[in-house]
Amino acid sequence: MRRKIIAGNWKMNKTVGEALALVKDLAPLVAGKDAADVLVCPPFTALHAVKQALGGTNIGLGAQGAFWKGSGAYTSQISIPMLADVGVQYVILGHSETRGRFGVPEPDMTPDLLKTFGETDSGVNIKAQAVLAANLNPIICVGETLDERQQGHIDDIVTMQVTRALENIAPELIASHVVFAYEPVWAIGTGETCAPDEADRVCGVVRQAVAQAAGQEAADAVRIQYGGSMKPDNAADLLARPNIDGGLIGGASLKAADFAAIVAASG
Ligand code: 13P
């Protein structure tokens with residue numbers, strides 16, 4: 001039985017003061033809700049302060065990304081040891097907003113676009129290896145654009161993203177530390193949710209891809225979240241599906257009551 005995992009991705013929202021106010025409101029609402037792992041992923045600037053505020057709560061801490069090198073002349077980047085140092089346990093990788101795909105299929109990217117846009121499948125893989133080497137947990141996002149969906153490429157795209165993300169990673173590490181998030185790009189921040197049956201089906205495709213890459217044991221153990229306009233009113237339906245082990249929540253994680261309602265819907 002996989003333990004549910006509910007994560008709030010705050011994206012580029014919340015000053016330190018606002019972040020602390022949100023945690024203060026959230027902590028009592030989710031206290032004692034031990035059926036799921038609950039975590040928040042504030043912007044880098046609020047990580048340290050939020051970590052201090054989470055002491056004594058059942059809320060964990062995630063970061064929204066990281067650079068793969070441990071240190072060096074990489075202006076603007078944040079390393080995984082830096083994140084570990086402030087108490088981060090999870091790192092989101094390959095989010096569609098950091099892949100920068102925004103509707104541009106990866107095969108169509110010219111070298112210029114690739115430089116402008118962010119993470120690639122192989123970049124996600126290198127970062128996942130670095131996150132695991134630091135004994136942290138990567139949350140690896142995968143998902144198709146609307147164009148890819150309309151052209152019937154959903155399963156191919158998701159399988160390719162999963163397969164590439166897991167290259168050269170030991171099955172035992174995948175089983176114990178890796179989380180996937182199926183986030184259809186067209187459902188993010190749009191209010192349009194993927195129908196629960198379809199979300200469950202594609203999460204099943206993710207699991208099958210894990211089985212092909214790392215074996216059935218890892219596939220059975222790995223947790224797969226759904227992300228994309230998950231809200232209090234649709235969370236229970238999504239979270240009841242056999243292949244959906246949690247949620248990666250954007251907009252609704254910015255309000256304590258909404259995020260707490262989603263945690264409550266997880267069981
Ligand atoms: P929304 O919940 O705002 O659609 O965002 C989902 C997401 O991108 C989480 O990472």
Side-chain angles (χ1 to χ4, degrees), residues 4-14 18-19 22 26 36-44 46-47 50 59-66 88-104 117-119 124 127-128 131 137-146 148-149 157-158 161-162 165 178-196 198-199 202-203 206 223-239 244-266:
K4 292 266 193 295
I5 175 166
I6 309 291
N9 175 8
W10 294 359
K11 306 192 178 182
M12 197 175 70
N13 294 290
K14 305 292 177 187
E18 290 165 349
L22 177 51
L26 181 63
D37 290 334
V38 179
L39 61 134
V40 293
C41 306
F44 292 127
L47 283 172
V50 166
I59 305 171
L61 188 65
Q64 296 176 24
V88 162
Q89 300 150 286
Y90 295 85
V91 183
I92 297 173
L93 299 176
H95 194 284
S96 62
E97 290 155 14
T98 53
R99 288 181 190 261
R101 300 175 76 221
F102 292 120
V104 184
F117 289 78
E119 292 172 306
V124 168
K127 289 180 179 187
V131 168
N137 309 282
I139 298 178
I140 301 172
C141 303
V142 299
E144 81 287 355
T145 63
L146 184 58
E148 289 160 350
R149 169 163 288 264
I157 290 284
V158 163
Q161 289 174 335
V162 171
V178 172
V179 177
F180 277 98
Y182 169 54
E183 297 210 317
V185 180
W186 50 272
I188 295 175
T190 58
E192 230 177 289
T193 319
C194 190
E198 173 64 0
V202 185
C203 287
V206 171
R223 294 185 290 178
I224 304 171
Q225 301 172 310
Y226 168 79
S229 299
M230 191 185 272
K231 302 270 185 290
D233 62 358
N234 60 26
D237 199 0
L238 287 158
L239 293 169
I244 301 180
D245 305 314
L248 184 56
I249 295 117
S253 72
L254 299 173
K255 289 193 188 132
D258 286 356
F259 190 60
I262 294 172
V263 171
S266 71

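What you see is a predicted model, and the numbers here were worked out from it, not measured in a lab. Just follow the structure's listing: the first ligand is 1, and inside any ligand the first atom is 1.
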Atom pairs and distances, ligand 1 N/O vs protein N/O under 3.5 Å:
from	atom 1	to	atom 2	distance (Å)
ligand 1	2 (O)	Ser229	N	3.4
ligand 1	2 (O)	Gly250	N	2.9
ligand 1	3 (O)	Gly251	N	2.8
ligand 1	4 (O)	Gly189	N	2.6
ligand 1	4 (O)	Ser229	N	2.7
ligand 1	5 (O)	Lys11	NZ	3.2
ligand 1	8 (O)	Lys11	NZ	2.8
ligand 1	8 (O)	His95	NE2	2.7
ligand 1	8 (O)	Glu183	OE1	3.3
ligand 1	10 (O)	Asn9	ND2	3.0
ligand 1	10 (O)	His95	NE2	2.8
ligand 1	10 (O)	Glu183	OE1	3.3
ligand 1	10 (O)	Glu183	OE2	2.9

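In this structure, Tyr90 contributes its side chain and Ile92 its backbone to no donor-acceptor pair below 3.5 Å. Panel note: side chain Gln89, backbone Leu61; a donor-acceptor pair is recorded below 3.5 Å. In terms of modelled atom types and a separation under 3.5 Å, the side chain of Glu198 and the main chain of Ala195 share no donor-acceptor contact.
The side-chain hydrogen bond (donor to acceptor under 3.5 Å, both in side chains) contacts involving residues 251-262 comprise nothing, where partners must be two or more places apart or lie in separate chains.
Between Glu183 and Arg99, no side-chain nitrogen of the basic residue sits less than 4.0 Å from a carboxylate oxygen of the acidic one, so the salt-bridge criterion is not met.
A side-chain contact (heavy atoms from CB on, under 4.5 Å) with Leu238 is found for exactly one of Lys231, Met230, Gln225, namely Met230.
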